[in-house]
Amino acid sequence: MKKLVSVAVFCIILGTSASAQSRNFKLGQWTEIQNAILKELNASYVDSLPLDRIERAGIDAMLESLDPYTIYIPDEEQEDLEMMLSKTYGGFGALIYKPDIDGNVIISEPYRNSPAHRLGFVCGDEIVAIDGAPVKGLTAAECTEKMKGKPGTTVVFTTKHLRTGVTDDVTVTRERIHLPDVEYYGMVDDTTGYISQTGFTANVSGEVRSAVLDLKKRGAKRLVLDLRGNGGGLLQEAVNIVSLFVPRGSLIVTQKGKDGSGYYEYRTTAEPVDTLIPIIVLTDSGTASSSEIVSGALQDLDRGTVMGTRTFGKGLVQSLRPLPYNGSLKVTTAKYYTPSGRCVQAIDYSHRNEDGSVGHIADSLTHEFRTSRGRIVRDGGGITPDVIIEGKDYSRLTWSLVMNGVVDHFALDFVRRNSSIAPIDEFRLSDEEYENFIKFALNENFDYRSSARTLFDQMKKELGREGLDTAMEAELAALGKALDMDKETFLRLKKNEIVPFIEEEIAVRYYFQEAGVQVRLRYDEQLHKALLSPLAVSCGE
């Protein structure tokens with residue numbers, strides 16, 4: 001018997017060794033082939049060889065074939081990596097807008113407590129020159145690059161001030177600008193505290209902890225953690241956030257690497273803030289990665305009720321590996337599993353919606369798991385909410401106005417005409433101002449066709465390709481006429497949809513980002529339905 005066991009162990013070791021040798025041989029073989037191809041191209045190709053371009057294209061294509069998250073980051077993109085990981089950069093703290101290459105830089109939105117704010121910059125101020133060099137002739141990206149820099153360094157902006165019309169030089173000392181992940185928190189009614197969290201960069205768990213404690217002092221008897229559109233970030237921060245609400249030592253997430261290696265359990269190590277207060281977690285198709293760890297753990301531990309729509313479906317863990325010449329490889333090294341054992345990663349990358357989130361997965365392809373109280377939950381792609389609440393479906397016109405900057409540009413025009421607005425709780429866009437918006441939008445270039453008209457135009461093209469448009473000319477003309485709607489009529493028809501976006505953009509110009517969230521909550525149908533759900537009262541109890 002001992003001999004049989006020894007032979008079995010020997011075979012396993014031999015098989016593992018042979019497999020590793022085979023992989024190493026293949027790696028060496030393909031590395032040699034690639035080097036030979038590059039040398040031959042360099043020696044023989046008819047034109048000069050764009051080595052940088054073809055090598056980068058080759059690396060990107062190779063990594064893209066693995067998964068969407070394994071990427072190469074060269075030295076010149078390390079600052080972008082820092083921004084992605086920590087939401088920090090060296091600068092003066094404002095969003096800018098440059099209408100064209102021959103225009104000035106326009107301050108669109110200073111951040112609260114930033115150098116821009118403290119120096120008195122307001123929306124509508126124009127930067128004419130940077131360190132004495134005119135900005136005309138520069139792109140917005142080139143201006144941004146000149147405005148950024150190491151914290152502690154100075155830059156001089158020649159500024160034309162909106163309110164006074166005076167042009168002068170303003171010396172700015174750059175600082176480390178941090179964009180907070182807790183975008184806003186406050187009371188949405190007498191007993192409900194609300195936290196809007198947009199990311200998982202370093203110490204966001206501390207921000208959430210402070211928000212929870214403050215909301216409890218204000219009288220919060222239940223909490224809403226809004227993770228809609230939160231694309232994730234640092235895994236440890238997700239663990240730290242869940243630890244605020246569950247007993248110390250609770251299992252939050254398990255990480256498993258290649259061939260079962262890299263197995264690691266993440267458990268809470270800190271004392272919780274509150275293990276009883278009911279929690280509602282709001283999710284949508286933009287809720288991904290660390291957001292899914294939080295929502296999945298709170299669901300599996302029966303500590304909170306997840307409401308909204310199914311999450312993105314990213315259950316992969318990335319690690320940074322240093323590369324030569326100061327580059328980095330962000331590589332997928334493991335999959336993560338919620339406390340019940342679920343992997344939220346989509347079964348494959350092909351069944352995805354247009355926004356990249358997981359598409360329909362048949363129950364037959366998924367597996368059942370149990371929460372701590374025995375409720376059934378499933379894997380196969382994202383976190384399915386306990387209560388499905390669909391988001392508002394906006395018209396194509398409204399999205400076109402937002403995405404083409406029409407609403408944003410009108411907000412700037414509004415600020416130029418109005419030095420102040422009512423307090424945020426009282427501010428509403430007047431009918432007169434909406435008429436001004438219609439006049440403004442009529443002179444802007446954007447696609448105002450309805451979704452039905454867009455599909456009709458595509459159908460006409462297809463019929464034309466097949467030679468059927470002539471035979472159906474009369475029918476097509478009648479249908480086209482019925483679908484036609486002039487721009488002004490459409491803008492009036494969709495007023496109730498468009499006004500909230502205008503109010504939000506105007507609000508942030510006077511009262512900073514948190515004011516925009518407050519306006520958004522005013523019209524948030526998903527949130528309002530969640531608060532009325534019977535499960536909203538008992539969640540976590």
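Throughout, residue positions are numbered sequentially from 1 according to the sequence presented.
- Here the CD1 atom belonging to Ile383 is positioned 6.0 Å from the CD atom belonging to Glu292, to the nearest 0.5 angstrom.
- The CD atom of Glu55 sits 12.0 Å away from atom CZ of Arg53, with the distance rounded to the nearest 0.5 Å.
- With hydrogens and angles left out, the side-chain atoms of Thr70 and Gln318 include no donor and acceptor closer than 3.5 Å.
- Atoms CD and OG, on Glu514 and Ser196 in that order, are 11.0 Å from each other to the nearest 0.5 Å.
- A cation-pi arrangement, defined by a distance under 6.0 Å to the six-membered ring centre and an angle within 45 degrees of its axis, is present between Lys256 and Tyr337.
- Taking the six-membered ring for Trp and the full ring otherwise, the centers of Phe512 and His117 sit less than 6.0 Å from each other.
- Atom-to-atom distance recorded for His528:NE2 and Asp189:CG is 9.5 Å, nearest 0.5 angstrom.
- In summary, of the residues considered (Val224, Leu215, Leu223, Leu531), a side-chain contact (heavy atoms from CB on, under 4.5 Å) with Tyr194 occurs for Val224 alone.
- A search for side-chain contact (heavy atoms from CB on, under 4.5 Å) contacts involving Leu323 returns Tyr72, Leu329, not counting sequence neighbours.
- Residues Val273 and Leu213 form a side-chain contact, since some pair of their non-hydrogen atoms from C-beta on lies under 4.5 Å apart.
- Using a 4.0 Å cut-off between charged side-chain N and carboxylate O, Arg428 and Glu503 make no salt bridge.
- Proximity of His367 to Arg342: side-chain heavy atoms (C-beta onward) are nowhere separated by under 4.5 Å.
- Between Phe92 and Phe121, the ring-plane angle classifies as perpendicular under the 30° and 60° cut-offs.
- Both tests hold for Lys392 against Tyr394: distance to the six-membered ring centre under 6.0 Å, angle to the ring axis within 45°.
- Atoms CG and CG, on Leu527 and Leu532 in that order, are 9.5 Å from each other to the nearest 0.5 Å.
- Here Asp52 does not pair with Arg56 in a salt bridge; the nearest charged N to carboxylate O distance is not below 4.0 Å.
- Asp274 contributes atom CG, which lies 7.5 Å from atom CD1 of Ile279 (distance to the nearest 0.5 angstrom).
- For the pair Lys314 and Tyr69, the cation-pi test (distance below 6.0 Å, angle within 45°) is passed.
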